[in-house]
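Below is one structure, written out as structure tokens; the observations come after it.
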Amino acid sequence: KDGVALLQLYRWLEKGIQQSPIPETAVAEQLIRFRKTNDDYFGESFDAIVGYNGNGAIVHYRAEPGTCAEIKPEGILLMDSGGQYHTGTTDITRTTALGTPTATQQKHFTLVLKGHIGLATLKFPRGTKGVQMDILARQHLWQYGLNYGHGTGHGVGFFLNVHEGPQGISPNATGKSNVAFEPGMITSNEPGFYKDGDYGIRIENLVLVVKDEETEFGDFLRFETITLFPIDLQLVDTSLLTESERDWLNSYHKEVYEKLAPRLNEAERTWLKERCRAI
């Protein structure tokens, strides 16, 4: 349901900016309208962060009427939003190229994506804590002397708080990141990169901890990605991906298409199919 609302929002935005610039605040307002079409919808789980170009590099940016940026068919848009539904709470961030991205932008985006995939595909023994996982999201950025200044993941409640303990993922060895992960926990997977004054990149999905297998070395758990929306392929430098990373992305997009397509009309399915194509 949330993925369909986001799809409708991005189609509306892509069409609208070809006619005239659209204020960041108008995007957040329109997303609420699309989410409200769901009978299950209760409200936003937090005020949407709609950051265009340099505003996207401000991690907790909030657009205000009259002073916010106007979005045009160029540059990069970062949007972090969430819906509160009677059947659950969502939190998703997508970074989208609204024009032709530069090679540097693609490189930065792909390094973030590699970290996202590294965490999404992690298999770990029971008792593993978020502080032990965090490096998987940052290691590819570190190789180029890059980093980001926020945590990698936070707990999400079931129709409760969008930021909810006890668990978390960050380099901080105390607090929430020092809590062991258990089956049933829902956590965000959201590495990023921010070039001050230029653009911000963040890729966020929610992941569910599930049981994987029991061996002589103990119980092993893994993450199941439960957020369903395309990752912008325009920003991916495929030469930086390993075969397994490419397989993950193709498999994820296959699942996104299969689960969203039955809820869409023909024009929406066409839009989604192009963005979920195999690479």
Side-chain angles (χ1 to χ4, degrees), residues 2-3 45 80 82-85 87-94 111-142 148 150-192 202-231 241-256 258-259:
D2 206 53
S45 54
D80 185 353
Q84 192 78 295
Y85 300 84
T87 47
T89 298
T90 70
D91 184 0
I92 174 174
T93 307
R94 286 296 183 267
L111 295 175
V112 172
L113 176 61
K114 287 168 74 70
H116 180 96
I117 295 172
L119 197 53
T121 56
L122 178 63
K123 179 176 177 176
F124 54 96
R126 187 186 289 267
T128 301
K129 303 172 181 180
V131 67
Q132 296 170 275
M133 303 174 178
D134 187 77
I135 191 174
L136 293 172
R138 299 178 191 266
Q139 61 175 327
H140 304 288
L141 289 164
W142 285 359
Y148 55 94
H150 59 75
T152 300
H154 58 81
V156 177
F158 179 85
F159 192 42
L160 289 166
N161 298 322
V162 74
H163 289 88
E164 181 167 302
Q167 83 283 13
I169 303 172
S170 84
N172 189 344
T174 61
K176 293 178 181 178
S177 61
N178 200 35
V179 174
F181 277 65
E182 297 289 346
M185 286 179 168
I186 293 179
T187 311
S188 67
N189 171 5
E190 51 178 310
R202 188 157 68 248
I203 304 170
E204 178 186 18
N205 284 339
L206 299 187
V207 293
L208 171 68
V209 181
V210 297
K211 295 181 179 179
D212 188 85
E213 67 172 335
E214 182 177 351
T215 75
E216 60 182 302
F217 299 100
D219 294 336
F220 282 79
L221 310 174
R222 61 180 173 84
F223 289 126
E224 176 185 319
T225 296
I226 58 176
T227 300
L228 298 170
F229 195 75
I231 292 168
L241 296 179
T242 64
E243 183 177 355
S244 61
E245 289 167 342
R246 188 184 300 227
D247 288 346
W248 181 91
L249 186 57
N250 286 336
S251 177
Y252 175 68
H253 278 155
K254 182 174 183 291
E255 180 184 14
V256 169
E258 290 175 348
K259 291 187 175 179

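E213 CD: more than 12 foreign heavy atoms inside a 6.0 Å radius. Counting heavy-atom neighbours within 6.0 Å of I135 CD1, excluding the residue itself, gives a total of 12 or less.
Side chain to side chain, D134 and T152 meet the donor-acceptor criterion of an N or O pair below 3.5 Å. In this structure, a donor-acceptor pair under 3.5 Å is present between the side chains of E190 and H154.
Rounding to the nearest 0.5 Å gives a distance of 7.5 Å between OG of S170 and CZ of R138. We find the CD1-OG1 distance between I186 and T89 to be 8.5 Å, quoted to the nearest 0.5 Å. The distance from the CH2 atom of W248 to the CG atom of L241 is 10.5 Å, given to the nearest 0.5 Å. Here the straight-line distance linking atom CD1 of I169 with atom CG of L119 works out to 4.5 Å at 0.5 Å rounding. The OG1 atom of T128 sits 10.0 Å away from the CD atom of E182 when rounded to the nearest 0.5 Å. Taken to the nearest 0.5 Å, the CD1 atom of I203 stands 8.0 Å off from the CD1 atom of I117.
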| field | Intermediate values then yes/no, side chain to side chain contact (heavy atoms under 4.5 Å, CB included), R202 and V112 | value | CA-CA 7 Å; R202 188 157 68 248; V112 172; over 6 Å; no
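In this structure, the side chain of N172 engages the main chain of T174 through a donor-acceptor pair within 3.5 Å. With H140 contributing its side chain and L113 its backbone, the two residues share no donor-acceptor pair below 3.5 Å. One N or O on the side chain of N189 and one on the backbone of H116 form a donor-acceptor pair closer than 3.5 Å. A donor-acceptor distance shorter than 3.5 angstrom exists from the side chain of Y252 to the backbone of F229, with no hydrogens or angles considered. Judged by distance alone, with hydrogens and angles left aside, the side-chain atoms of R126 form no donor-acceptor pair with the main-chain N or O of K211 at under 3.5 Å. Checked by atom type and distance alone, the side chain of S251 never pairs as donor or acceptor with a backbone atom of D247 at under 3.5 Å. Looking at T227, its side chain does come within 3.5 Å of a backbone N or O of L206 through a donor-acceptor pair.
Within the 4.5 Å cutoff, no side-chain heavy atoms of L141 are placed close to those of K114.
Remark: E224 engages no residue in a side-chain hydrogen bond (donor to acceptor under 3.5 Å, both in side chains) (not counting sequence neighbours). In terms of the side-chain hydrogen bond (donor to acceptor under 3.5 Å, both in side chains) criterion, residue partners of R222 (sequence neighbours excluded) are, by chain and number, D212. Under the rule for a side-chain hydrogen bond (donor to acceptor under 3.5 Å, both in side chains), the partners of E255 that lie at least two apart in sequence or sit in another chain are K259.
Taking each heavy atom of E204 and T93 in turn, the nearest pair found is OE1-OG1, 2.6 Å. Nearest heavy atom pair, residue M185 against residue P166, reads CE-CG, 3.9 Å. When all heavy atoms of L122 and M133 are compared, the closest pair comes out as CD2-CG, 3.7 Å. In terms of heavy atoms, Y148 sits closest to A137 at OH-CB, 3.5 Å. Taking each heavy atom of G83 and S45 in turn, the nearest pair found is N-OG, 3.5 Å.
Between F181 and F223, the ring planes are perpendicular. Angles over 60° get that label, and only those under 30° would be called parallel.
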